[in-house]
Amino acid sequence: MRVPFIAGNWKMHKTIEEAVALAKELVAKVRDNVQKKVMIAPPFTALYAVSSVLKGSAVFLGAQNMAAAEKGAHTGEISVHMLKDVGVSYVIIGHSERRHVYGENDQLINKKVKLALSKDLNVILCVGETLEERERGIAEKVVEEQLVNGLQGVESKELTFVTIAYEPVWAIGTGKTATPEDADAMHVYIRKVITNLYDKAAAAVLTIQYGGSVKPNNIKELMAKDNIDGALVGGASLESDTFLPIIQFNNGDAE
Ligand code: PGA
């Protein structure tokens, strides 16, 4: 069974104080009897402080990126050991902003994925096509390539520590969401690719999140789709008023 997985990506937002305040609110409301996995990825500067807030809670700590090298002369980078040292258990790799704004390619992303897994960090691997690629009818091909390249050399026993986030680039921060049907269709395709790369059993247990303008008013219909197992939430994860209703999407309205 796939446990719904709701993750918040805070991107380049929040001071330490703001991050701690929101983390405290979430911890108070998200109990481990909620049949869901919840993760937040604050900016690097707030990880240490947020880590102590989350300790012993039902909310996991994530990072938004990670260096492809383990250590050494890499000015400005943060290593897997540093992330583990502050209590991070998930790392988002290959977010479209990393791919398209910071020029990360599949080879670099693959290095990061393998390094994170080799050090027992859970990985959220992001994939997704641009609007231009969708309009050219190559969305599936693009996503397939990102999966094949991103997962190169990842063994099937490691795949259980990988979550895939399908985030069509044109839906991120734009207010445009893929229709639940379109998103579900791509999730089905992703499972097919994973079946070909690994096997049916691996594909069946793989958690696939949707990301791109997920809000309290669309989470329910997205999550109602068979192949959508969770959400990677940007803008709406920055306030408890919008993030909690997403986490509690099947509890009726937010508390
Ligand atoms: P958004 O961002 O929810 O603000 O569209 C999603 C993401 O980038 O992960």
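Order of listing sets the numbers, starting from 1, for every ligand and every atom in it. Any value given below was found using the heavy atoms of this structure, including those in side chains, with hydrogens, waters and symmetry copies removed. Remember, predicted model here, so these are calculated numbers, not experimental data.
- Shown in contact with H95 at under 4.0 Å from a heavy atom are these atoms of ligand 1, numbered in order with element: 7 (C), 8 (O), 9 (O).
- For a threshold of 3.5 Å applied to N or O pairs, the pair formed by G235 and ligand 1 contains at least one separation below that value.
- Looking at D229 and R191, a side-chain N of the basic residue comes within less than 4.0 Å of a carboxylate O on the acidic one, giving a salt bridge.
- When each atom of ligand 1 is checked for a heavy atom of G212 under 4.0 Å away, the hits are 5 (O).
- Under a 4.0 Å N-O distance rule, the pair E158/K114 does not qualify as a salt bridge.
- A salt bridge is defined here as a Lys NZ or Arg NE, NH1 or NH2 lying under 4.0 Å from an Asp or Glu carboxylate O, and K192 with E144 fails to meet this definition.
- Using a 4.0 Å cut-off between charged nitrogen and carboxylate oxygen, E132 and R136 count as a salt-bridge pair.
- Using a 4.0 Å cut-off between a side-chain N of Lys or Arg and a carboxylate O of Asp or Glu, K119 and E70 qualify as a salt bridge.
- Residue-to-ligand polar distances place G234 within reach of ligand 1: an N/O pair is separated by less than 3.5 Å.
- Residue contact annotation: K215 has no non-hydrogen atom under 4.0 Å from ligand 1.
- In terms of polar-atom proximity, defined here as any N/O pair under 3.5 Å, T174 makes no such contact with ligand 1.
- Classification of E129 and R134 as a salt-bridged pair holds, one side-chain N sitting under 4.0 Å from a carboxylate O.
- Heavy atoms of A165 stay at 4.0 angstrom or farther from ligand 1.
- Among protein heavy atoms, the minimum distance from atom 9 (O) of ligand 1 is reached at E167 OE2, 2.7 Å.
- Per-residue contacts place A171 under 4.0 angstrom from the following atoms of ligand 1 (heavy atoms of the residue considered): 5 (O).
- The shortest separation from a heavy atom of S213 to ligand 1 is under 4.0 Å, placing the residue in contact.
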Run the numbers on V30 and L244 for side chain to side chain contact (heavy atoms under 4.5 Å, CB included), then give the verdict.
CA-CA 8 Å; V30 179; L244 279 169; 4.2 Å; yes

Quick one, E133 with T130, criterion side-chain hydrogen bond (donor to acceptor under 3.5 Å, both in side chains). Give me CA distance, side-chain angles, the key distance, then yes/no.
CA-CA 5 Å; E133 289 162 342; T130 62; 3.2 Å; yes

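- Residue contact check for ligand 1: G173 places a non-hydrogen atom closer than 4.0 Å to it.
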